[in-house]
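A quick write-up on the structure given underneath.
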Amino acid sequence: MELNQLTIHELQEKIKAGETTSTEIVQAVFRRIDAVEKDVHAYILLTREKALEGAAHADEEIKKGNIKTLTGIPIALKDLLCTKGVTTTCASHILHNYVPPYDATVVEKLRDAGAVFTGKTNMDEFAMGSSTETSYFGITKNPWDLERIPGGSSGGSAAAVVADECIASIGSDTGGSIRQPAALCGVVGMKPTYGRVSRYGLVAFASSLDQIGPFTKDVEDCAIMMNILAGYDPRESTSVPVDVPDYRQFLSRGIGGWKVGIPKEYFIEGIDAEVKDAIQQTIKVIEGMGAKCIEVSLPHTEYCLAVYYIIAPAEASSNLARYDGVKYGFRSLDGRDLMEMYKKSRSAGFGAEVKRRIMLGTYVLSSGYYDAYYKKASQVRALIKQDFDEAFKQCDVLLTPTTPTPAFKIGEKTDDPLQMYLSDIFTISTNLAGIPGMVVPCGFTRAGLPVGVQFLAGHFEEGKLIQIAAAYEKNANLGKRRPKL
Ligand code: GLN
């Protein structure tokens with residue numbers, strides 16, 4: 001096996017045993033990038049020189065015996081995390097030349113833990129999308145089938161992990177953008193509880209829904225990354241000061257005696273037969289491990305999509321008001337006066353999907369419509385959260401499909417925004433309720449496309465997710481398939 005194919009914990013052991021160096025690992029990652037990146041296009045920006053410098057520094061620390069959790073390990077960052085001195089574009093023309101003067105808290109934490117950054121990964125523009133097709137910088141391809149989408153909006157981060165173009169990566173999830181591409185690319189992805197991971201330095205899409213989380217090659221690496229990412233940040237007003245457990249302690253506990261809830265509303269018509277089979281197979285494996293699967297109900301599920309597509313665009317329209325050609329990034333030089341400069345900068349700077357969201361959001365927030373749309377949606381959101389509270393009285397965690405279909409073809413849904421929005425039908429409710437969700441690979445279709453199972457838990461119970469995911473991973477027997485690139 002090549003070094004870039006290994007996990008964080010495998011590399012940690014090799015580094016500790018003196019069997020390899022950070023420089024060798026980073027070189028292996030960039031050799032792979034040179035070989036496959038022209039096909040996959042997982043990155044917007046590669047920071048090769050900085051990575052090699054970081055690796056040289058890590059190797060000095062290793063020699064001194066100063067080895068931290070991620071010392072020398074190559075990590076990729078979604079391009080909506082502010083990185084000091086390194087462009088942060090959000091995959092948008094309007095920010096194509098924006099260089100932040102500071103690091104996001106998670107970037108700081110990863111750096112403090114010793115990580116080396118490979119670059120900034122591709123995404124849907126401003127994280128709006130489910131396929132990584134709306135990036136100003138071009139489409140990312142699914143490494144399992146280059147004619148298909150990797151999922152979105154964190155498609156670049158998921159593709160980079162499964163293509164071994166980094167060891168682990170960071171994404172963000174507003175309505176499924178970590179879990180959905182994790183499922184479609186066959187990697188592990190975690191969306192933490194709202195407030196668990198600091199959003200300081202994350203370019204905001206919908207502030208009451210956004211969360212940052214990791215993509216990894218296995219569940220143990222997810223626990224390792226969560227140990228670094230989670231925790232209170234005084235710089236972020238919605239960050240919650242609750243203790244963070246050592247997530248590794250959940251890796252070997254098993255799930256004997258657990259009750260696993262299967263929400264009946266998640267097995268709708270239209271769900272792909274092979275996805276359904278893979279989930280049913282997963283339920284059998286879970287039962288074989290001594291847990292009991294019970295049917296539960298989340299009665300307001302049918303309203304989730306409508307509620308999300310009012311709340312998310314509303315918050316986005318307000319968050320994106322700051323891009324006016326004055327303070328950041330792109331400015332149109334054609335305007336004859338200030339208003340025209342604003343208009344022309346925004347018209348030329350934003351892509352079609354972002355404009356659609358801004359118009360939708362401005363409309364639902366406008367006086368006269370606010371009560372009918374935004375307020376109503378917020379009230380239904382409270383009912384959706386209550387559904388989960390009730391469900392977690394009956395079971396430890398929930399088990400659901402992640403997406404209704406495996407990865408679809410590039411271009412298949414770009415002309416039909418509603419069809420695109422429907423691909424997040426199983427992930428959106430989690431963000432509305434603020435609970436954590438985790439996706440683990442659970443099989444392949446006959447055509448060789450990955451399928452992922454989603455586990456959901458109560459607020460701040462990421463440990464339970466890691467517990468069931470680790471137990472499942474051990475028992476699932478999926479073998480070690482890799483995309484043929
Ligand atoms: N696909 C959803 C959207 O377009 C969710 C995106 C996300 O989680 N960032 O809004």
Side-chain angles (χ1 to χ4, degrees), residues 77-81 90-92 121-135 140 149-158 169-185 189-192 194 197 199 202-215 304-320 350-361 364 377 381 402-405 407-408 412-414 416-439 452 454 456:
L77 301 169
K78 186 175 180 179
D79 202 20
L80 45 39
L81 292 165
C90 263
S92 181
T121 58
N122 200 16
M123 53 184 277
D124 282 296
E125 186 180 2
F126 281 101
M128 296 169 188
S130 312
S131 64
T132 315
E133 289 171 292
T134 70
S135 167
T140 295
I149 56 102
S153 64
S154 315
S157 290
S169 67
I170 303 290
S172 68
D173 190 313
T174 304
S177 280
I178 291 175
R179 291 161 288 151
Q180 192 251 27
L184 301 188
C185 287
M190 159 88 83
K191 173 232 167 291
Y194 185 74
V197 175
R199 293 181 294 113
L202 167 76
V203 179
F205 162 11
S207 305
S208 77
L209 302 161
D210 299 341
Q211 260 296 289
I212 296 169
F215 289 96
C304 287
L305 213 63
V307 168
Y308 175 87
Y309 277 100
I310 291 172
I311 292 179
E315 295 182 12
S317 71
S318 157
N319 276 326
L320 269 56
F350 290 131
E353 183 59 29
V354 175
K355 286 180 189 160
R356 186 177 297 126
R357 306 280 178 118
I358 292 174
M359 286 190 281
L360 254 170
V364 299
R381 181 179 185 175
T402 312
T403 56
T405 64
F408 46 88
E412 196 178 315
K413 300 192 179 178
T414 34
D416 188 347
L418 261 183
Q419 277 306 313
M420 188 70 89
Y421 297 170
L422 278 168
S423 48
D424 293 324
I425 189 144
F426 302 139
T427 49
I428 268 170
S429 53
T430 317
N431 303 69
L432 291 168
I435 57 173
M438 183 168 178
V439 165
Q454 172 174 249
L456 305 173

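Quick caveat: nothing in here was measured; it's all calculated off a predicted structure. Remember, it's 1-based here, ligands and their atoms both numbered in the order they're listed.
When only interatomic distances are considered, the shortest N/O to N/O separation between K78 and ligand 1 does not fall below 3.5 Å.
The CD1 atom of I428 sits 4.5 Å away from the CG atom of L305 when rounded to the nearest 0.5 Å.
The ligand atoms of ligand 1 that sit less than 4.0 angstrom from a heavy atom of M128 are 4 (O). Less than 4.0 angstrom separates some heavy atom of F205 from each of these atoms of ligand 1: 9 (N), 10 (O).
For R357, every heavy-atom contact with ligand 1 shorter than 4.0 Å involves the side chain, none the backbone. Within the 4.0 Å heavy-atom criterion, neither part of Y421 lies near ligand 1. With a heavy-atom cut-off of 4.0 Å, D424 touches ligand 1 through its side chain alone. At a 4.0 Å heavy-atom cut-off, ligand 1 touches S153 through the side chain alone.
Judged by the shortest distance from any of its heavy atoms, Y309 lies inside the 4.0 Å radius around the atoms of ligand 1. Not a single heavy atom of A312 sits under 4.0 Å from any atom of ligand 1.
Side-chain atoms of S153 never come within 3.5 Å of backbone atoms of D124 as a donor-acceptor pair (strictly under, hydrogens ignored).
S130 and D424 share a donor-acceptor pair across their side chains, judged by distance under 3.5 Å alone.
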